[in-house]
Protein chains: 2
Amino acid sequence: MSAIRLVDDLAPSSPNADWMDTILKGDCVAALERLPEKSVDVIFADPPYNLQLDGDLHRPDQSKVDAVDDAWDQFESFAAYDAFTRAWLLAARRVLKPNGTIWVIGSYHNIFRVGSSLQDLGYWILNDVVWRKTNPMPNFRGRRFQNAHETMIWATRDQNAKGYTFNYDALKAANDDLQMRTDWLFPICTGGERLKDEAGAKVHPTQKPEALLARVLMASSRPGDVVLDPFFGSGTTGAVAKRLGRRFVGIEREQAYIDAATARIAAVEPLEAPELASMTGKRAEPRVAFVSLIESGLVAPGTLLSDSRRRWTASVRADGTLAIGSEAGSIHRMGARVQGLDACNGWTFWHYEAGGKMKPIDDLRRQVRDGMVVGGA
Amino acid sequence: MSAIRLVDDLAPSSPNADWMDTILKGDCVAALERLPEKSVDVIFADPPYNLQLDGDLHRPDQSKVDAVDDAWDQFESFAAYDAFTRAWLLAARRVLKPNGTIWVIGSYHNIFRVGSSLQDLGYWILNDVVWRKTNPMPNFRGRRFQNAHETMIWATRDQNAKGYTFNYDALKAANDDLQMRTDWLFPICTGGERLKDEAGAKVHPTQKPEALLARVLMASSRPGDVVLDPFFGSGTTGAVAKRLGRRFVGIEREQAYIDAATARIAAVEPLEAPELASMTGKRAEPRVAFVSLIESGLVAPGTLLSDSRRRWTASVRADGTLAIGSEAGSIHRMGARVQGLDACNGWTFWHYEAGGKMKPIDDLRRQVRDGMVVGGA
DNA sequence: GGACCAATTGAATCAAGAA
DNA sequence: CTTCTTGATTCAATTGGTC
C-alpha cells in the first residue's frame, strides 16, 4: 500500500487502477491531468493559503513565532493566486465523479478566492463548515480578534448533482440525535499525532488533525470510496482514509513530505465499524462571556451587582466591564480588587437582586448555556 | 432624530452634517456618492445574499418555508452580483475615513464574492468572524449539514491603515479576561425583538439580532462615532448605534422598511455616559518619560534597580539612563541588553526595593499618571 | 510515582509616535 | 518619506525537569 510513483509513470486509463492507494509525485495540475476522468468520489484539498506575512512576529516573552514562510505559500498577487486556484480546481473537476464532492479548507487569506473560483467553474456549494479551534494561537499584539477558526467549503461538481453521498443519519446519531451543524469544534494537531523529524522539528507546518478529516470522510464518503488529496503534505487524508476503509490518492511535490506520509500511512491499522462512532460526536461547549448576558438582554447596562452580603456594589457597563467609582475591569478583576485578593471567580462572587433575594450571576450564565434565552430583549 | 430624506435633498458637503442620524431614501450607490468623502467611522453592511433558490422549499409537513425571494435579492448571474458588489463597496470606500473599518455579513451564497471584491478593491481584511446561531433553521430535507452560522468580514480601508479602533481591553475584560475570539454565539432574531406588521408578518426577512450589532459596535467604534449602514432594512444598526451613543446614517430604498425603522429607532433610549464608558488599557494612557521619575524625586540618581529575581543590577543616572559598568542606555535598551534580547519593556523588567520587596518601576509610573506626584518639572 | 513548575509552541496577513 | 525610540502584548496543551 502507498507505493510512490512519479507522474510520468502513470498509465492514464489503467483498468486496474494501479494509482490507487499511492502518492503521485509531481505538480498538482500535471498529476491530476493524468488521472482518469470521473474516477474519484471525494476530493479533500488543503491548498496554500497565500498568507502574505511581512516581517517577524514576537510573543510577549520576545520569542519568535515560527511563521509559515515556505516557498510554496508565496504568490505574487491575488491574480496569480486566482490563476493557480482555477487551474487546479478545473483539473480536479475533470477527475471527480458526477456525484462526487469536493472539500477545500482555508482561512480568510484565501478562502474567498477559493469560494469564488469554485462558483465560477460551476461547482455548487452545499455548505461552508467552520472548524473552531479549541486551542488557537493567540493574537500577540492585541490588535485583532483571536483568529480561532478555519473555513471549509463543501461542494458538488455542478448544480444538478443530487446523488452525492451524505451520511445524514449516522452524523445525526453521533451528535446526540441532533442534525450535525456547520460549526465543528476540534483541537489543532499537536502532541503525539504531530509528525516530527529526528531533530524534533515538525515535518509539515500545517498538518491537519485526523479528527477533522475523520468527520469529513464519515460525512461524505462510504467504505471503498476513492479519496483524492491534491496537496497531500504529511498525508493526514491518506491516513484517515485507510483507517476508515476508504482508498486514497495523494499528489505531492516534495519528497520529504512523501517519505513522512508513506511511513505514517503504512503504520495505520484500519478500524472496525463500531470504533468510528465516537470520532464524530460533538465536543463540550466552552465558556460564556459575561458580555453576552448584556448583549442578550439578561443584564441591562447600569445594573448594580453586589456580593452576597452586600458589602460591595458595582455597576455594569455596556462593554461588559464592572465599574466601581473610577475603576473598571472584568467581573473577576473587580471581585478580586474589592476583596484585596489576587484572584476571584466573578461568576459566583457577584450577585443580582431578584424578588428580594440575591442570586449569583452564574445563574444567568446557566440560562445562556442552556439556550433558555432566545431573542433577548 | 432619524428624519427621512430623499437622496436628492441631500446637501453633499454640508458643514453641519444634516445627514447625521437620518435614513437616506434611495439607491445605495447613489446615496453613498452624495455623502462627503472620509466621513464615517464604521460601516456595517448586510447586502442581499443572492440566494439562488430553485423552486419552493417545503418542510416535511408540506408547509412552505417563507424563503427570501424578494425582488431585491434576485441577480441574474454571479457576474451581475459581482458588479453590484464592487459598485457599492467602491462607493463605500470613498465615504470611509482613512482609519475607518467595514463589516459585511453574508452566507456561503455571497460571502466569497464579497470577500474577493473587498480584497480586489484594496480593503485589508482584519478578521473573518463567525456568527454561530444557537437556534438555526434545521435542514428539512436532511441532505446537508444544518446551516448554523453566518460569516462577517471585518476590514480596513487599506493595508496601511493601522490606526483603526479596536477596543481590545474592553472585549477581553468582558470575556473572562481572555481575548475575544472570531467565533461568536448568538440567537437569531425572534420574539419581541422581531419587528412584525399588523397582520403579525415579519417586517423584514433577514432582521439581524441587536446583540450581534452591539458586539460589532462595542468592538470597533467609540461613543460619538458615525456608523453607516448602506442596506438599512429594519434599522437594527441604527437602533443599536443610538442606544450605544453612536451616530448613524442609513440608506434604504423601500418606504415600508424606512417607516418601520424610523418608529423603531425613535423608541430607543440611549444609554447614559457612565454605562457607555469603555475600558482602555495602557495604550491609551499618556506617555511618561523615565526621567520624570527622577525629576519628581520619586527615584534618586544612583538608585540601584534589578530584575525581579535580582540576576542583574543597574544604576540610575541623573539624565534618565541606566548604567551597568561602562555601558548605559534607556531602561528598555539595558533590559534587552542584559537578557540578550532585541527588545524589552523596561517599565516591567526593572524593579526597585521597597520594604524588603521588589516592585516594578511601572508602579512609580502609575503614581505619576494618577497625579499622586505633582512635581514633574 | 506523582505533584508541581518552567519552557515551548501553533497557517499570524499583529505599533505608534517622534525626529 | 525613512529611521529611531518607546514600550505593549498570549491561550491551550504538551513536554520535560525538579521536588
Side-chain angles (χ1 to χ4, degrees), chain A residues 46-70 72-75 78 105-111 131 133-151 187-194 196 200-202 204-209 231 233 286-287, chain B residues 99 119 123-128 155-156 159-164 166 168-169 172 175-182 280-291 320 329-333 335-336 341-350 361-362 365:
Chain A
D46 184 9
Y49 284 11
N50 188 24
L51 286 186
Q52 302 179 259
L53 302 178
D54 184 32
D56 290 341
L57 178 65
H58 293 86
R59 298 186 177 81
D61 65 4
Q62 300 300 326
S63 62
K64 186 166 170 289
V65 174
D66 183 19
V68 177
D69 53 2
D70 305 65
W72 49 255
D73 199 44
Q74 306 300 320
F75 294 84
F78 283 127
I105 186 168
S107 66
Y108 66 86
H109 311 85
N110 72 320
I111 198 66
W131 167 29
K133 303 180 182 183
T134 59
N135 49 350
M137 186 185 291
N139 185 289
F140 295 113
R141 301 298 291 267
R143 295 296 299 149
R144 304 180 178 192
F145 298 98
Q146 183 184 25
N147 192 12
H149 75 276
E150 293 186 27
T151 301
I188 61 175
C189 183
T190 60
E193 188 184 323
R194 187 90 195 206
K196 306 266 175 66
K202 58 194 175 196
H204 194 281
T206 71
Q207 185 180 339
K208 296 292 177 289
F231 305 95
R287 295 161 306 93
Chain B
N99 277 318
Q119 292 176 316
Y123 287 100
W124 192 247
I125 298 178
L126 295 171
N127 283 116
D128 58 334
T156 54
Q159 182 174 0
N160 300 318
K162 304 287 188 183
Y164 58 89
F166 178 53
Y168 174 79
D169 296 290
K172 184 176 173 180
N175 188 40
D176 274 20
D177 292 320
L178 294 173
Q179 294 189 333
M180 188 64 80
R181 298 166 43 114
T182 49
T280 55
K282 285 182 180 175
R283 262 191 198 102
E285 298 190 66
R287 215 166 255 236
V288 174
F290 178 66
V291 72
S330 72
I331 54 173
H332 312 294
R333 285 269 165 265
L341 298 174
D342 288 338
C344 165
N345 184 341
W347 290 108
T348 52
F349 178 75
W350 293 110
I361 57 175
D362 204 26
R365 179 169 63 162

- What stem regions, each of at least 3 consecutive Watson-Crick or G-U pairs below 3.5 Å, can be found for DNA chain C? C:2-10 with D:11-19, C:15-19 with D:2-6
- Query: Is B:Asp362 salt-bridged to B:Lys282, cutoff N-O under 4.0 Å?
  - Reply: yes
- Query: Is there a donor-acceptor pair closer than 3.5 Å between any side-chain N or O of A:Asp70 and the backbone N or O of A:Trp72?
  - Reply: no
- Output yes when a side-chain donor or acceptor of A:Arg143 lies under 3.5 Å from a complementary backbone atom of B:Tyr168, and no otherwise. no
- For A:Lys133, all residues meeting side-chain contact (heavy atoms from CB on, under 4.5 Å), sequence neighbours excluded: A:Trp131, A:Pro136, A:Glu150, A:Ile188
- Item | Nearest-angstrom distance, C1' atom, C:dG10 to D:dT10 | 12 Å
- Message: If you apply the rule side-chain contact (heavy atoms from CB on, under 4.5 Å), what do you find for A:Thr206 with A:Tyr49, and how did you get there?
- Response: CA-CA 10 Å; A:Thr206 71; A:Tyr49 284 11; over 6 Å; no
- Task: Taking syn as within 90° of 0 and anti otherwise, name the glycosidic form of C:dT13.
- Result: syn
- Task: Pick the P atom in D:dG7 and in C:dT13, then give their distance to the nearest Å.
- Result: 27 Å
- Task: Considering only heavy atoms of chain A and a distance under 4.0 Å, specify the first and last nucleotide of DNA chain D in 5' to 3' order that meet this criterion.
- Result: D:dG7 to D:dT15
- On a plain distance test, is the side chain of A:Lys208 in donor-acceptor contact with the base of C:dA11 below 3.5 Å? yes
- Query: What integer distance in Å separates A:Asp56:CG from C:dG10:C1'?
  - Reply: 16 Å
- Task: Please confirm whether the backbone N or O of A:Asn139 pairs with a side-chain atom of B:Gln179, one donor and one acceptor, at under 3.5 Å?
- Result: yes
- Report the distance from atom OH of A:Tyr108 to atom OG1 of B:Thr182, rounding to the nearest 0.5 Å. 9.5 Å
- Note on the structure: With sugar-phosphate taken as primed atoms, P, OP1 and OP2 and all else as base, the protein-contact string of nucleotides 13-19 of chain C at under 4.0 Å (heavy atoms; B, S, -) is BBBS---
Pairs of donor and acceptor atoms involving the side chains of residues 53-61 of chain A, under 3.5 Å and at least two apart or interchain, shall be tabulated with distances.
residue : atom : partner : partner atom : Å
A:Arg59 : NH1  : A:Ser63 : OG           : 3.2
A:Arg59 : NH1  : A:Lys64 : O            : 3.4
A:Asp61 : OD1  : A:Ser63 : N            : 3.0
A:Asp61 : OD1  : A:Ser63 : OG           : 2.7

- Nucleotide-resolved protein contact map, nucleotides 2-9 of chain C, B/S/- at heavy-atom distance under 4.0 Å: -------B
- Criterion salt bridge (Lys or Arg N to Asp or Glu O under 4.0 Å) on A:Lys202 and A:Asp66, from CA distance to verdict: CA-CA 11 Å; A:Lys202 58 194 175 196; A:Asp66 183 19; 3.2 Å; yes
- Measure the shortest side-chain to side-chain distance between B:His332 and B:Trp347 over non-hydrogen atoms and say whether it is less than 4.5 angstrom. yes
- Note on the structure: Separation of C:dA11 atom C1' from A:Lys64 atom NZ, nearest Å, is 15 Å
- Shortest non-hydrogen contact from A:Cys189 to A:Lys208? CB-C, 4.0 Å
- Item | cation_pi(A:Arg144, B:Tyr164) dist<6.0 Å, angle<=45 | no
- With rounding to whole Å, what would you report as the distance between C:dA12 and D:dT6 at their P atoms? 31 Å
